[in-house]
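A quick write-up on the structure given underneath.
Computed from a prediction, not measured in an experiment: that's the story for all the values here.
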Amino acid sequence: MAQPAGAAATTRPYGTWPSPIDAGLAASLDGRPEYLGAVGAELWWTEPRPQESGRRTLVRRPAGGGPGASVLPAPWNVRSRVTEYGGLPWAGAPRAEGGPLLVFVHFADQRLYAYEPDAPGGAGPRPLTPISAVGGGLRWADPVLRGEEVWCVLEEFTGPAPTDVRRVLAAVPLDGSAAEARSLVRELTDDRHRFSTGPRLSPDGRYAARLVWDHPRMPWEGTELLLAEVTAAGELGPARTVLGGPEEAVAQVEWAPDGTLLAVSDRGGWWNPYRVDPAAGGAVNLCPREEEFGGALWKPGLRWLAPLPDGLIAVLHGQGSAVLGVLDPESGDLVDAAGPWTAWQPTLAVSGTRVYGVAASPRSGYEVVELDTGTGHARVVGAPAADPVDPAHYPEPQSRTFLGPGGREVHAHVYPPHHPAVRAPADELPPYVVWAHGGPTDHVPPVLDLQIAYFTSRGIGVVEVNYGGSTGYGRAYRERLLEQWGVVDVEDCAAVARALAAEGTADPARLAIRGGSAGGWTAAASLAATDVYACGTISYPVLDLIAFAEETHDLESRYIDSLAGPPQTLAVRGRERSPVARADRITAPFVLLQGLEDPICPPAQAERLLAALRGRSVPHAYLTFEGEGHGFRRAETMVRALEAELSLYAQVFGIERPDVPRLGLSPEPRPRDPLR
């Protein structure tokens, strides 16, 4: 809807603007490429298919260049469920004849499969691992091909409870003999360590390195880098710790071509790259900066650095958002890739002098980018983010720092309402929605997100808050949330909202908050603890601290220890902060969105809040979605969720939106008039 040259802009109230970005379009472009890998001179990665029940396919870009193409039709879904969040789900290697060999995890049964896409006769994937009927079964992640085996993380459930689980490194034969026989899967380690990444094999094959950690720590609190010798019989010898510990988080380990270890550690307060001598030990910081060269290891297989054959190192680094650079480890010189991309995801691949990553900008969604380190030229080579609408409808984020309680800094990205052909009345202030990200040990970068544009192009502003506890700003910023979940995150979001209202950017009477997972906790806790917001959108949330610690999956079953305090204080903190315990303080309307197959924040969390509100006149709606787990992946689910959210704001803010189905709120809310 580009405005003709010289034509006057149409004047319409905020929130009523027409937009070409509908919920279907926003849902169709949801997700991003992940898990890049070089197989010989070819590039492979996983890519989302929201329109195909949310599956992830495997994409292949040929050695000679050209567009990538999916090599696995529906219903193949390349996605692991290790620790529920998954991890690197595939590995590949070139073969002398017959093309590459790929192994991958299929989401539906969590079996490992082998696949030779160029094999004569077009044979499909064949299973390598058995199905287990015990608990959650057998799960696999972070694989590497070694000879005639796949070495990877094996997660094995031993009972019905989420914590009835053990994890080891395992070797799976490529001949398929273990497909019906669990006994033919060799275990390479014991299960003394609760969590582990997959093995990283040295260039000469003599050593295997991995990261491990144990309850109650999370991987961004304390991890150990273990090194073990690979015996002639293909076993792993005793492991020794060469880096890390309870107060040091090692986020990644890789082998340099010269046989030394490269690791990302926050021992200096920031995740920086280190070189570790596997024989003598000791760690040397290769680029000491107050920047993050790593992040939260939510899933095994994330990569913030990748060594090049000539000794240089591709790195992701920055404060807040990460950019791609090439580091000379001898001089410490760091040269960033040129181009429009302002945020890169923790997935890197190297082929010769070329580095591949996944990047986005405020004007483009996530796409696969190639950097030629010889020429410095960068270009898009996969999943190109073609503009589905005129980019004039995209918002322009403003990265800002606000002051929270006690003068502490709070980082946020402000997306003002924007439309190329519509403006609002001069005497009206816009409604704004505060977005609280999940994690909570995570962050959001200022990049194009059509779900944000869905609102801003209609005249509703968005502000994403990287509240205390977020990654990207050093360990001290992350640790602001220690035992303060439900306090610092709530206060920081409210401080940003109040600041926008005080400066005249936002209408103080029409502020909302939304979030999913840990962000759903922050949204609900904010409705219970403050009077800042007129309404809220709460998705697959944590709502009851005590029950969450008992109901959630193994990875986060002790997360509450650091977020709210040890078990002996949990009962008190739960009563003080849990939205379920403070439901009597919630008066603002809200919509609650929940996947019915969510093992991380199960529906019981949402149902307890509804039970606590029973009999009270708080307008609300509860929408559930079959087949959805933690985070929505199906296009039809995302469409329904977005339209329900917009309808909530329209009803509460007094906006006419006849173009979306009216959300049934019980009882009906009383609309708030904009300040004029």
Side-chain angles (χ1 to χ4, degrees), residues 142 196-204 206-213 217-228 239-297 300-319 322-336 344 346-348 350 355 357 471-479:
D142 211 3
S196 175
T197 65
R200 300 292 178 264
L201 299 174
S202 61
D204 60 9
R206 293 179 55 197
Y207 297 95
R210 63 177 175 136
L211 303 180
V212 298
W213 68 98
R217 296 194 305 272
M218 297 298 284
W220 45 85
E221 296 169 346
T223 56
E224 297 174 62
L225 169 50
L226 299 186
L227 186 64
R240 57 189 174 91
T241 300
V242 296
L243 194 68
E247 305 298 326
E248 177 182 356
V250 184
Q252 185 190 346
V253 59
E254 298 289 342
W255 289 92
D258 64 0
T260 59
L261 285 166
L262 300 174
V264 179
S265 168
D266 71 348
R267 58 170 42 195
W270 296 80
W271 272 306
N272 281 183
Y274 288 80
R275 186 185 299 280
V276 181
D277 186 326
V284 177
N285 192 335
L286 300 177
C287 194
R289 294 189 180 194
E290 289 192 347
E291 293 184 9
E292 301 283 42
F293 289 73
L297 188 62
L302 302 182
R303 298 186 80 192
W304 292 268
L305 66 76
L308 288 147
D310 59 5
L312 299 176
I313 307 170
V315 295
L316 302 180
H317 71 102
Q319 283 200 31
V323 297
L324 174 64
V326 177
L327 172 67
D328 183 338
E330 301 305 320
S331 66
D333 292 340
L334 178 58
V335 179
D336 291 339
W344 294 69
T347 179
L348 293 173
V350 169
V355 178
T471 57
Y473 308 99
R475 183 160 185 142
Y477 195 86
R478 295 201 311 273
E479 291 184 343

Pair His317, Asn272: side-chain N/O donor-acceptor within cut-off below 3.5 Å: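 No pair is found: no donor N or O on one side chain lies under 3.5 Å from an acceptor on the other.
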
Do Arg210 and Asp142 pass the salt bridge (Lys or Arg N to Asp or Glu O under 4.0 Å) test, and can you show the C-alpha distance, the side-chain angles, and the key distance before you say yes or no? CA-CA 11 Å; Arg210 63 177 175 136; Asp142 211 3; over 6 Å; no

Check whether any side-chain N or O of [X] sits under 3.5 Å from a backbone N or O of [Y] as a donor-acceptor pair, and report yes or no.
{"X": "Trp270", "Y": "Arg289", "value": "no"}
{"X": "Glu292", "Y": "Ala322", "value": "no"}
{"X": "Arg267", "Y": "Glu248", "value": "no"}
{"X": "Gln252", "Y": "Leu305", "value": "yes"}
{"X": "Arg478", "Y": "Ala296", "value": "no"}
{"X": "Thr260", "Y": "Arg275", "value": "no"}
{"X": "Thr223", "Y": "Trp213", "value": "no"}

Closest approach of [X] to [Y] (non-hydrogen atoms, all atoms of both residues):
{"X": "Asp266", "Y": "Ala249", "result": "OD1-N, 2.7 Å"}
{"X": "Gly295", "Y": "Ala251", "result": "O-CB, 3.6 Å"}
{"X": "Leu348", "Y": "Gly357", "result": "CD2-CA, 4.2 Å"}
{"X": "Ser265", "Y": "Leu243", "result": "CB-CD2, 4.2 Å"}
{"X": "Arg206", "Y": "Asp204", "result": "N-OD1, 3.0 Å"}
{"X": "Val250", "Y": "Gly244", "result": "CG2-CA, 3.9 Å"}

Is there a side chain to side chain contact (heavy atoms under 4.5 Å, CB included) between Ile313 and Leu308 once you walk through the steps? CA-CA 6 Å; Ile313 307 170; Leu308 288 147; over 6 Å; no

If I take atom CG from residue Leu297 and atom OG1 from residue Thr471, how far apart are they, to the nearest 0.5 angstrom?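 So the CG of Leu297 and the OG1 of Thr471 are separated by 12.0 Å.
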
Working to the nearest 0.5 Å, report the span between CG of Leu324 and CH2 of Trp344.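 It is 4.5 Å, given to the nearest 0.5 Å.
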
With side chain to side chain contact (heavy atoms under 4.5 Å, CB included) as the criterion, how do Trp255 and Tyr207 come out once you've worked through the C-alpha distance, each side chain's angles and the decisive distance to 0.1 Å? CA-CA 10 Å; Trp255 289 92; Tyr207 297 95; 3.7 Å; yes

Min side-chain heavy-atom separation [X]-[Y] under 4.5 Å:
{"X": "Pro329", "Y": "Val284", "result": "no"}
{"X": "Pro219", "Y": "Leu211", "result": "no"}
{"X": "Leu334", "Y": "Phe293", "result": "yes"}

Side chain to side chain contact (heavy atoms under 4.5 Å, CB included) evaluation trace for Val212 with Thr241: CA-CA 10 Å; Val212 298; Thr241 300; over 6 Å; no

